[in-house]
There are 2 protein chains.
Amino acid sequence: MNIDECRERFRNFLNDQGLRITNQRIAIFDAAFRIENHFTAEELLDHAREIDSSVSRATVYRTLPILTESSLVREIDVGKDFKFYFANPEKGNQQAQILCEDCDKIFEIDAPFLDWYGNSVSSKFGLKPVSQRLQISAQCTEYRATGACKNHS
Amino acid sequence: MNIDECRERFRNFLNDQGLRITNQRIAIFDAAFRIENHFTAEELLDHAREIDSSVSRATVYRTLPILTESSLVREIDVGKDFKFYFANPEKGNQQAQILCEDCDKIFEIDAPFLDWYGNSVSSKFGLKPVSQRLQISAQCTEYRATGACKNHS
DNA sequence: CTGCCTGCAAACTCTTTGCACGAAT
DNA sequence: ATTCGTGCAAAGAGTTTGCAGGCAG
């Protein structure tokens, strides 16, 4: 699924929700899908402004929930005081993250057992699982040993 | 391990770190260990003030890192804008949390595979795991059906 | 035209910090 | 007597919100 198909989905989503298709919302969408890695709200603002300089911080913050509810962007909370996001064209929810403490990079990995685990463990408490998250904080052995690694800037 | 043994450990920890044993630190410790469930910094402040009314918010925030570094209290970040803590006399790190979206209650469950999983998945990226977290957000079926459940206040 | 959307700046929430006083060793 | 620890209030950081004007439908 390429960016044009995704943008079309986004426009449809806005329509279905009775929301308007504005230049700012599309600029923010495009910015999100042009960023390769995970990004913060502030980084998204910077990129969106390269497309449409009128985009404001407030609109970015107001648009991010729309993007996540459309499932086109996923939100990742890694326990810092700001959230990360990333464009998520097709993958489902069953992913874990490895957080490199040295690079600050986030690696996504498939974790197909997550749904099963959430179900089996929740049912014991009379609970119905909604979402799971599995995150591993780790150190880069290469960076620790040599003072540099391919992910570190 | 009861609260008195834990308090003794805390005093020893303070000593070993060259930190002073103050009334406020002990009051905050005692408050943490009298709270049954998970608690926030603000709740800890309230309880600590019942023991020593001079305790300030700043001191609570300054003492919490000491408590977590001593491993007597564990910090849990559930993605809200404040952190939870709980007195952790003996259990290790290999626990997952179930977060009830209706009760806002946190259930701790043993997840002995966490270390193994973190290791096996990190090694593929040349990373050494430091910590893991596995959290399941869930809804209370009883509360959703009847409008009340034993955990809901 | 109507009312949702926007930018701006102020407000908010939790947490941290600078400072002068106070207490532990 | 030294220093470290403390309370207070202000600062910080990320995010949210009230308001007046602007643009989509």
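Protein chains get the first letters and strands the later ones, always in sequence-line order, with residue 1 at the start of each. These numbers come from a predicted model, not from an experiment.
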In a check of ring-ring contact (aromatic ring centres under 6.0 Å, His included) between B/His38 and each of B/Phe107, B/Phe86, B/Phe82, which one passes? B/Phe86
Counting side-chain heavy atoms from CB outward, which of D/dT15, C/dA24, C/dC5 is closest to A/Thr22? C/dC5
Return the nearest nucleotide to the side chain of B/Gln24; candidates are D/dT6, D/dT17, C/dA24. D/dT6
Which of the following nucleotides, D/dG14, D/dT3, C/dT15, is nearest to the side chain of B/Phe82? C/dT15
Under 6.0 Å between ring centres, would you say that holds for B/Phe29 and B/Phe13? no
Among D/dA24, D/dT17, D/dG5, which nucleotide has an atom closest to any side-chain atom of B/Arg25? D/dG5
Please pick, from C/dG7, C/dC5, D/dC8, the nucleotide with the shortest atom-to-atom distance to any side-chain atom of B/Arg62. D/dC8
Side chain of A/Leu19 - closest among C/dC5, D/dT6, D/dT15: C/dC5
Go through C/dC8, D/dC8, D/dG25 for me and flag the one nearest to the B/Ser56 side chain. D/dC8
For the pair made of OH in B/Tyr61 and P in D/dA10, what is the distance, rounded to whole Å? 18 Å
Nucleotide D/dG7, atom P - distance to CG of B/Leu45 in whole Å: 9 Å
How close do B/Arg49 and B/Ser56 get, heavy atom to heavy atom, and via which atoms? NH2-CA, 3.9 Å
